[in-house]
Amino acid sequence: MKSYIAQRLVIAVLTLFGMSVVIFVLLRMAPGDIVDVLFSAAGYVNPSEKQAILRELGMDKPYWRQYVEWITQIFHGDLGKSYRYDLPAWQIIRPLLPVTIELAMLSTIVAVALGVPTGIVSAVRQDGLLDYAMRVFSLAGLSMPSFWLGMVIILALVSWLAWIPPLTYVRPTENFWLHAVQFMLPALAVGYRSSALIMRITRSAMLEVLREDYIRTAWAKGQGEWAVVWRHALKNAILPVVTVVGIEFAFLIGGLVVTETVFNLPGVARFLVEAILWRDYPIVQNLVMFIAIVVILSNLAVDLLYGLLDPRVRYA
Amino acid sequence: MAVRPIGAEIELTRPAMGVRRDSVAAVVRRFVRKKPLGAAGGVLVLIMVLTAIFADVLETHDPIATDAAATLARPGPAHWLGTDHLGRDIYSRIVHGARVSLIVGIGSTLLGSVLGGIIGLLSGYAGGKTDLIAQRLLDILQGLPLLVLALVMSASLGPSVQNVIIAISIPIVPRAARVIRASVLSIREMQYVEAARALGLRHLRIAFRHVLPNTIGPFIVLVTAQLGAAILVEAALSFLGLGVPEPYPSWGRMLSVSAAEYAQKAPHLVLFPGIAISLAVFGSNLFGDALRDTLDPRLRGG
């Protein structure tokens, strides 16, 4: 067990290292830099001024030195300075984190609450009308862009209830209910999409388990449907579901990129887009690395959770 | 190398010889009967393909032409689905947007799947250290959400149709490689592959001529499954202004520029492009699911 975790951690670190190279190279390939963005706003380019800014930002150094400096900084807990705001990157990123984490958690709760029950019902009533209805419902969730669903939700609220959701971030300490509503709407839009994947995996896992001998035995003992499904079948079907929930939690951030923009929430994902457009490398690099770390950690957590949920799983 | 017994290669290495071949019409008829939902999805995809091909015939207005006299017009006889804030006809823009979505969707899916497929084939067939290294490298690409990687890619490549296709295809590569590798691992152990090896064929020939054709089932499933996701990513990129550039009408960008601002005055700006995206993705998802159930033997009868 211990050696398994150690091995997984080594692989995780190597993967993160590879990712840092990929991200760094990609960003340096990008046409234009922060200085171009700044000057294009001003409408003219002053070459000597441009050089001065580049030097000040350390962008005149060879790429390999920039890379080494970035990695060294990370190991010293320093995320560098934002080009655009001239503030330490950490100072900018930190207040964004709770917003995105809260959104990701709420979306996951929505996804599980929607996906698991529909998946179970759909499997129990396989090929019935209810099964078809739920499959179409979940597939619809997989097909709608979550940012568009968010726009439609806002539109519906405006035209039917004549109520406009708050356009700026409301702190929970300011007005808890408004804050809750503000977060529930995007969580619904994003969670609906993830629920589709969870529903499908729940359905297929349940179908598999429901064909097992011990389920037939449970039926033969005269157990009610409720007991067979919940007590006997679900326990063994939940493992693949946990995997998908874990993977989805990490990948929700992808969906949040656009949804945070639609709902104007000051989270990591929306800020990433802005930073990319501004070529604010320290912010982009560190945000992408942050997302990668979240993805890898949640994958690791899922693997370890396996052992807790299923005693048959042994780590070699 | 000894003289290669060509006849023997054909004899020994063709799996499923003499299997009855059904006509295309019969296959389609059976598919429609067994998978009505999948067939409906197929029809949606077909409609989208036809719309994209005949966009010039189907349009009622020039999709790029602005009309200051008719901005934010409601849907009606003059403009079937209304106009946007610049007076451009929404219906014609959606019809032409099908072209962009389809080209980017199919282009990036095929590019990513073929690249990933080749990597998966070689890495699965070679096994050992090569396989291990390839897998770790793919892990790196897969460690980021599809949209985040596509976002960084398209920002670094600059806005153009080709670059958007490349940006979306790269995140598909590791996913495709995984699928193809998994099926190569089982095919590799089959007797007819062993026979081919016993005949002294070169590895590359075995991999491409004898193993590859049998991964076509999973490959088709993969492509149809990724198509919907690729269309969604294109829409999201264009929405954020990092996708297909002006003046091409793109569904995602139709939602971004004006929609948010004018949504209250003109809800059709938000509704119709989104419905177009959803229907296209819904169709390809339905079709892909049915295809997977039909082609993937593990799920047959499930």
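Everything numeric in this text was worked out from a predicted model, so none of it was measured. Just so you know, these numbers use all the heavy atoms, side chains as well, and skip hydrogens, waters and symmetry mates.
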For a quick check under 3.5 Å, do A:S146 and A:R193 share a side-chain donor-acceptor pair by atom type?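 No, no side-chain donor-acceptor pair sits under 3.5 Å.
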
For A:T15 and B:D139, which I'm curious about, is there any donor-acceptor pair between the side chains at under 3.5 Å?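 B:D139 and A:T15 do not have a side-chain donor-acceptor pair below 3.5 Å.
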
When you measure from the side chain of B:E234 to the backbone of B:V104, do you find a donor-acceptor pair of N or O atoms at a distance under 3.5 Å?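 Judged by distance alone, no pair lies under 3.5 Å.
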
Could you tell me whether the side chain of B:W251 and the main chain of B:I275 form a donor-acceptor pair under 3.5 Å?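 Here the side-chain-to-backbone pair does not exist.
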
For [X], is it the side chain, the backbone, both or neither that has a heavy atom under 4.5 Å from a heavy atom of chain B?
X	value
A:L149	neither
A:V21	neither
A:V136	both
A:I296	neither
A:L16	neither
A:L277	side chain
A:F17	neither
A:I23	side chain
A:R28	neither

Name the option with the most non-hydrogen atom pairs under 4.5 Å to chain B; the candidates are [options].
options	result
A:V273, A:N299, A:L252	A:V273
A:L27, A:L142, A:V294	A:L142
A:E208, A:R279, A:R135	A:R279
A:V258, A:I154, A:L287	A:V258
A:L139, A:V257, A:I276	A:L139

Quick one, A:T259 and A:L265 - any side-chain contact, counting heavy atoms below 4.5 Å?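 Not touching, per the 4.5 Å side-chain cut-off.
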
Inspect the surroundings of OH in B:Y248 and state if more than 12 heavy atoms from other residues, nucleotides or ligands are less than 6.0 Å away.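 At most 12 heavy atoms, drawn from other residues, nucleotides or ligands, come within 6.0 Å of this atom.
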
Any chance CH2 of A:W160 has more than 12 other-residue heavy atoms, nucleotides or ligands included, within less than 6.0 Å?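 No, because the 6.0 Å sphere around CH2 of A:W160 holds 12 heavy atoms or fewer from other groups.
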
Non-hydrogen atoms of chain A under 4.5 Å away: do they reach the side chain of [X], the backbone, both or neither?
X	answer
B:I140	both
B:L144	both
B:I231	neither
B:L137	neither
B:L286	both

Sort out for me which residue in A:Q126, A:R125, A:R203 forms a side chain to side chain donor-acceptor pair (under 3.5 Å) with A:D131.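 Output: one option passes, namely A:R203.
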
Would you give the length of the straight line joining atom CG of B:L237 to atom CZ of B:R253, rounded to the nearest 0.5 angstrom?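 Between atom CG of B:L237 and atom CZ of B:R253 there are 12.0 Å.
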
Return the CG to CD distance between A:L272 and A:E274, rounded to the nearest 0.5 Å.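 Taking CG in A:L272 and CD in A:E274, the distance rounds to 10.0 Å.
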
Top contributor to chain A contacts, counting heavy-atom pairs under 4.5 Å, from B:L271, B:L146, B:L157: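 Answer, by heavy-atom pair count under 4.5 Å with chain A: B:L271.
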
Fit a plane to each ring of A:F24 and A:W70, take the angle between them on a 0 to 90° scale, and name the class: parallel (under 30°), tilted (30 to 60°) or perpendicular (over 60°).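 The rings of A:F24 and A:W70 lie parallel, inter-plane angle below 30°.
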
Looking only at non-hydrogen atoms, find the nearest pair between B:S284 and B:L227 and report the distance.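 So the two residues come closest at CB-CD2, 4.0 Å.
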
